[in-house]
Participant: 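Encoded as structure tokens, here's the structure I'll be asking about.
Values in this document were obtained by computation on a predicted structure and should not be read as measured data.
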Amino acid sequence: MTQGERIIEYIRDWGSITTRDAFIDLGIARLASRIYDLERMGYEFNRKTKTTKNRYGEPTHYTEYSLKEEQK
């Protein structure tokens, strides 16, 4: 199974994926690059920017990806 296939399966199972999810659950370190590859294959994603605080209490932003609609 390719990393792209794992990402699509993860999103279908859980509804969305973040860089943290991809790294911890799938061992994928460059989620944005794999999303780019998947988009070139015809997949479309929703992107939601989320904000949380890091270990120092400073705000940090990350992207949550979900499929726009079932395509493949």
Participant: From Met1 CE over to Ile7 CD1, what is the distance, rounded to the nearest 0.5 angstrom?
Facilitator: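 Spacing of CE (Met1) from CD1 (Ile7) equals 11.5 Å.
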Participant: Are Trp14 and Phe45 connected in a single hydrophobic cluster, I mean Ile/Leu/Val/Met/Phe/Trp/Tyr linked by side-chain heavy atoms less than 4.5 Å apart?
Facilitator: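 Linked within one cluster.
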Participant: Can you tell me how far NZ of Lys50 sits from CD of Glu64, rounded to the nearest 0.5 angstrom?
Facilitator: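 It is 4.0 Å, given to the nearest 0.5 Å.
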Participant: Check step by step if side-chain contact (heavy atoms from CB on, under 4.5 Å) holds for Arg12 and Leu67.
Facilitator: CA-CA 8 Å; Arg12 288 181 178 153; Leu67 285 169; 4.2 Å; yes
Participant: Could you pull out all residues at least two apart from Lys53 that satisfy side-chain contact (heavy atoms from CB on, under 4.5 Å)?
Facilitator: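 Partners of Lys53 by the side-chain contact (heavy atoms from CB on, under 4.5 Å) criterion come out as none, since no residue qualifies.
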Participant: Could you tell me whether Lys68 and Glu39 make a salt bridge, using a distance below 4.0 angstrom between a side-chain N and a carboxylate O?
Facilitator: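 Salt bridge: no.
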Participant: Are any of the side-chain nitrogens in Asp37 or Arg40 under 4.0 Å away from the carboxylate oxygens of its partner?
Facilitator: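 Not counted as a salt bridge, because no side-chain N and carboxylate O are separated by less than 4.0 Å.
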Participant: How long is the gap from OG on Ser16 to CZ on Arg47, to the nearest 0.5 Å?
Facilitator: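 It is 13.5 Å, given to the nearest 0.5 Å.
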Participant: Does a side chain donor of either Thr49 or His61 reach within less than 3.5 Å of an acceptor in the other side chain?
Facilitator: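 Side-chain D/A pair, Thr49 to His61: absent.
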Participant: Between Ile8 and Leu38, does the side-chain contact (heavy atoms from CB on, under 4.5 Å) criterion hold? Intermediate values first, please.
Facilitator: CA-CA 9 Å; Ile8 296 300; Leu38 289 165; 4.0 Å; yes
Participant: Please output the side-chain donor-acceptor pairs of residues 20-33 that fall under 3.5 Å, not counting sequence neighbours, one pair per line with the distance.
Facilitator:
| from | atom 1 | to | atom 2 | distance (Å) |
| --- | --- | --- | --- | --- |
| Asp21 | OD2 | Thr18 | N | 3.0 |
| Asp21 | OD2 | Thr18 | OG1 | 3.1 |
| Asp25 | OD2 | Tyr10 | OH | 2.7 |
| Arg30 | NH2 | Ser33 | OG | 2.9 |

Participant: Using the rule given for side-chain contact (heavy atoms from CB on, under 4.5 Å), can you reason through Thr52 versus Tyr62, listing the C-alpha separation, both sets of side-chain angles and the distance that settles it, and then say yes or no?
Facilitator: CA-CA 8 Å; Thr52 190; Tyr62 63 96; 3.9 Å; yes
